[in-house]
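Heads up, the thing below is written out as C-alpha cells.
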Number of protein chains: 2
Amino acid sequence: MASTIKDVAKYAGVGVGTVSRVLNGSSLVSNETREKVRTAIRDLDYVPNTFARRLSLGKTLTIGVIAPWFTRPSVVERLRGIEQVLADTQYDLNIFNIETIERRKRCFADIVRYGKVDGLLVVSIIPNEEEAKKLKEANITTVQIDARGYFFSQVAIDDINGGMDATNHLIAKGHKNIGFISDYFSSNSLGNNSQEHRFIGYKQALEAIGLPIRSEYIRQCPHSREMARQNAHEFFALPDPPTAVFAASDTQAFGVMEAAQERGLQIPKDLSVIGYDDIEISAYLNLTTIRQPLLETGIQGTELLLRILASGSDVIEKIILPTDVIERGTTGPPRNLNIEN
Amino acid sequence: MASTIKDVAKYAGVGVGTVSRVLNGSSLVSNETREKVRTAIRDLDYVPNTFARRLSLGKTLTIGVIAPWFTRPSVVERLRGIEQVLADTQYDLNIFNIETIERRKRCFADIVRYGKVDGLLVVSIIPNEEEAKKLKEANITTVQIDARGYFFSQVAIDDINGGMDATNHLIAKGHKNIGFISDYFSSNSLGNNSQEHRFIGYKQALEAIGLPIRSEYIRQCPHSREMARQNAHEFFALPDPPTAVFAASDTQAFGVMEAAQERGLQIPKDLSVIGYDDIEISAYLNLTTIRQPLLETGIQGTELLLRILASGSDVIEKIILPTDVIERGTTGPPRNLNIEN
DNA sequence: CTGTTAGCGCCTTCAA
DNA sequence: TTGAAGGCGCTAACAG
C-alpha cells in the first residue's frame with residue numbers, strides 16, 4: 001500500500017540515494033533528475049516513513065511540552081500557540097501534563113531517560129538545578145515559557161512591570177490603601193516566580209510615590225476563588241481596610257469580588273478590584289485586569305526553540321513580552337476621595 | 001551513552017533475539033536466562049528505542065486525537081482523561097486541533113496519508129461517510145467520543161435523556177411555558193448531533209405530559225453568550241413569554257441570564273434557567289445545569305480504543321454514560337404558580 | 001552529479 | 001530454548 005523510497009527510486013529510474021537527496025533538499029542533484037523524482041513522488045503519492053527517518057537520523061523530531069495545570073485556560077492558550085507553529089514543521093508534539101509533584105519528577109526523569117524528544121518546552125515552571133543538569137546532559141534543548149530562571153532560554157512576561165502597571169492603575173484612580181492577594185510565591189513547589197514578581201511590581205509602584213508597604217494588606221493563599229474570598233474578608237475586617245485590591249490572578253480577583261458582594265460593598269464604588277491574566281470569563285464579569293499575550297508566548301517560545309535547534313547555538317536568549325492594562329468596570333476612584341480633598 | 005539491545009545481549013552473554021524476547025514477554029525463554037537479561041537491562045539502565053521498535057513492528061504505537069474547539073473547557077477535560085490513560089501505556093498521543101472546516105479536511109487527509117497513528121479518537125464530531133471510509137481503508141482503528149454515528153465504536157452521553165431531565169426538572173417546578181435555545185443542530189458542519197438530541201429530549205418531555213411544542217419557544221443560534229442573549233430578548237418580547245428556558249449549553253444559559261437581567265427579570269422568580277454541561281464557571285454563577293462526565297468519556301473512550309486495538313475486534317460498541325441534574329439557584333417555581341392554582 | 005552500500009535499533013523467522 | 005541473520009525505510013558516506 002504505502003510506497004517506500006525504493007518504489008520511488010525504481011519508478012523514477014534512479015537510486016534511493018538520489019531520492020533521499022531531493023527529499024532533503026540537497027543541492028547535489030541536477031534539475032532534470034530532481035524533476036523526475038518529484039513526479040515519481042507525486043504519482044506514487046509517496047510519504048516518507050517518519051520513524052525510519054528518525055531512526056536513521058538519530059533524532060526524534062519531536063518536541064516535548066511539560067506543563068502544569070493543563071486545564072487552566074491560560075495554559076491551554078499557550079498550548080494552542082505551540083501547536084500552531086509546530087503544525088507547519090516536521091516536528092511532532094508530545095505533551096506531558098503535570099498535576100502533582102511526583103508526576104513532575106517522573107516526567108523530567110522519563111524525558112531524559114527515554115530520550116523521546118529533541119527539544120523541550122517547559123511551561124510555567126522553572127526546572128531546578130538538578131533537572132536542568134540532567135536535561136543538558138541528555139542534550140535536550142530546552143526553552144522556558146512563562147517563567148524566568150538562569151538555565152535556559154525563555155519567553156516570559158515582565159511580571160514586575162505588570163504588577164507595577166496594575167498598582168499604578170489603582171494609584172492613578174486615587175487609591176492609597178491597596179491590598180495585594182496572590183498565590184504562594186512558589187506555588188506547589190513548582191518553582192514559578194511570577195507571583196513574586198507581580199508582588200515586587202506592586203511594592204515598587206507604592207514605594208515610587210512614597211506609599212507605605214503595609215503587611216496587613218498583603219496576603220498569599222492557594223490559587224482559588226474560594227481562598228481569595230476568605231482572605232478578602234479579612235481585609236474588610238481591618239480597622240483601615242484597603243479601598244482597592246490587586247489580585248495576582250483573575251481567579252482570585254473573582255474571589256475578592258464575591259467577598260465584597262457578601263459584605264455589601266459595591267464595586268467599584270466601595271472597592272476597586274484589578275486582576276491579572278485576562279482569562280476568558282473576565283470580560284464577561286467586567287473585570288479590570290492585566291492582559292498577557294498567552295498565545296503569543298506559545299508561538300514565540302516554540303519559534304525560539306526551533307531556532308536554537310536549527311542553529312545549535314547555546315547562548316541563553318530571553319524574550320520579554322509586554323502586558324496591557326485592560327480597564328473594565330471593577331476599578332474607579334475611592335468613595336471618600338472627594339471628602340478627603 | 002544510550003545503550004542498545006546489543007549492549008544488553010553482550011553484557012548478559014546472550015543473543016539479541018533473546019533480549020528481544022524477554023523484552024516482549026515471550027514465554028520461550030528459560031527463567032534463568034530471563035533473569036540474566038533482566039539484570040543486564042537494569043545494570044545498563046537500558047531503554048528500547050521506540051522508533052526502531054515502531055519501524056520494525058510496522059506500527060506507530062501512537063494514538064491520534066482530533067478535537068474541535070480545543071480551548072473549550074469541556075474538550076480540555078476530555079483530553080485530560082485521554083492523556084491520563086495513555087500515560088501508562090506504550091502509546092504516544094498526537095493531538096490535532098480543528099478550528100476550521102479546511103483544517104478538519106486537512107487533518108483527516110493527513111492522518112490517513114501520513115499513517116502516523118494506529119488508532120484515532122474523534123472527539124465531538126462525526127466523521128462523514130467519506131472520512132469514515134478512508135479511515136477504514138487506512139486501517140486506522142477509530143473510536144468516537146461525545147458523538148453518535150454509525151461507523152465506529154463510541155463513548156457518548158445520552159443527550160436525549162439529558163434534555164429530558166432538564167425539561168422535566170423545569171416541569172416539576174411547575175413550568176408549562178418552557179423555552180429552548182441551542183446551537184444549530186449541526187453546528188459548523190462538524191456533524192455533532194448533541195444539540196439535536198437535547199432538543200428531542202426537550203420535546204419528548206413536553207409531549208409526555210401533553211404540553212404543546214410551541215415553535216416560538218424554540219430557537220437556534222451560534223454557540224455564544226451574545227447570540228443567546230439576543231434570542232432570549234425575543235422570547236421576552238412574546239405576548240406569552242416562557243417562564244423558564246432550557247439552554248443546551250451553559251454558555252448560552254449565561255446569555256439568557258444576562259438578557260433577563262437587562263429586562264429587569266429576577267432569576268429564578270421571574271424566569272428559571274437551566275443549562276447543560278456544567279463547565280467550571282457554572283458553579284460560580286450558580287447555574288442549575290445538566291452535568292456530563294467529561295473526564296470519564298475521555299478515559300473510557302481511550303480504554304475502549306486500546307481494547308479494540310488489542311483484540312482486533314470489529315464489532316461496534318457503544319457506551320452511553322449518564323448525566324446528572326445539578327440543581328443550583330437559577331431554577332424555581334414560576335411566579336404566577338400560586339395565582340393560577 | 002549519482003548509484004551502491006552500510007548502518008540506525010529492533011523484531012522475527014529459521015536453524016540448530 | 002537459543003543464536004544468527006534478514007529486513008523494516010531511510011540517510012549518509014563512498015566510490016565512481
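Worth saying up front: this structure is predicted, and the values here are computed from it rather than measured.
Looking at every heavy atom in both residues, A:Val29 comes nearest to A:Arg34 through O-NH2, 3.1 Å.
When the P atom of D:dG7 is taken as reference, atom CG of B:Leu55 falls 14 Å away, rounded to whole Å. For the pair A:Leu28 CG and D:dG16 P, the computed distance is 19 Å after rounding to whole Å. Atom-to-atom, CD1 of B:Ile5 to C1' of D:dC8 comes out at 14 Å; the value is rounded to the nearest Å. Residue B:Lys10 contributes atom NZ, which lies 15 Å from atom C1' of D:dG3 at whole-angstrom precision. Straight-line distance from the CD atom of B:Glu35 to the C1' atom of D:dT1: 16 Å, rounded to whole Å. Atom CG in A:Asn49 sits about 18 Å away from atom P in D:dG7, given to the nearest Å.
Between B:Phe51 and B:Thr18, the one whose closest nucleotide on DNA chain C sits nearer the 5' end is B:Phe51. Summary of the strand contacts: B:Ala52 and B:Thr33 both lie near DNA chain D, and taking for each the nucleotide with the nearest heavy atom, the more 5' one is attributed to B:Thr33.
Across all strands, B:Leu57 comes closer than 4.0 Å only to sugar-phosphate atoms, never to a base (heavy-atom distances). Contacts of A:Arg21 with the nucleic acid, taken as non-hydrogen atoms under 4.0 Å apart, include base atoms. Residue B:Ser30 is classed as a sugar-phosphate contact, given heavy-atom separations below 4.0 Å to backbone atoms only. Contacts of A:Val19 with the nucleic acid, taken as non-hydrogen atoms under 4.0 Å apart, are absent. Residue contacts for B:Gly17: at a heavy-atom cut-off of 4.0 Å it reaches a base atom on one of the strands shown.
Among A:Thr62, A:Asn49, A:Asp92, the single residue meeting the side chain to side chain donor-acceptor pair (under 3.5 Å) criterion with A:Arg54 is A:Asp92.
When DNA chain C is scanned in the 5' to 3' direction for atoms under 4.0 Å from non-hydrogen atoms of chain B, the outermost contacting nucleotides are C:dG9 to C:dT13.
For A:Ser20, a side-chain nitrogen or oxygen approaches OP1 or OP2 of D:dT11 to under 4.0 Å. One finds no side-chain N or O of B:Arg54 lying less than 4.0 angstrom from the OP1 or OP2 phosphate oxygen of D:dC8.
The existence of a salt bridge linking A:Glu129 and A:Lys133 is excluded, since no basic side-chain nitrogen approaches an acidic carboxylate oxygen closer than 4.0 Å. The pair A:Arg148-A:Asp159 fails the salt-bridge criterion, with no side-chain N (NZ, NE, NH1 or NH2) lying under 4.0 Å from an Asp/Glu carboxylate O. Under the 4.0 Å criterion applied to side-chain N and carboxylate O atoms, B:Arg106 and B:Glu102 are not assigned as salt-bridge partners.
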Evaluate the salt bridge (charged side-chain N to carboxylate O under 4.0 Å, His left out) criterion for residues B:Arg80 and B:Glu77: first the C-alpha distance (whole Å), next the side-chain angles of each, then the deciding distance (0.1 Å), finally the verdict.
CA-CA 5 Å; B:Arg80 254 187 83 217; B:Glu77 201 59 20; 2.8 Å; yes
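Judged by the 6.0 Å and 45° rule, A:Lys59 forms no cation-pi pair with A:Tyr91.
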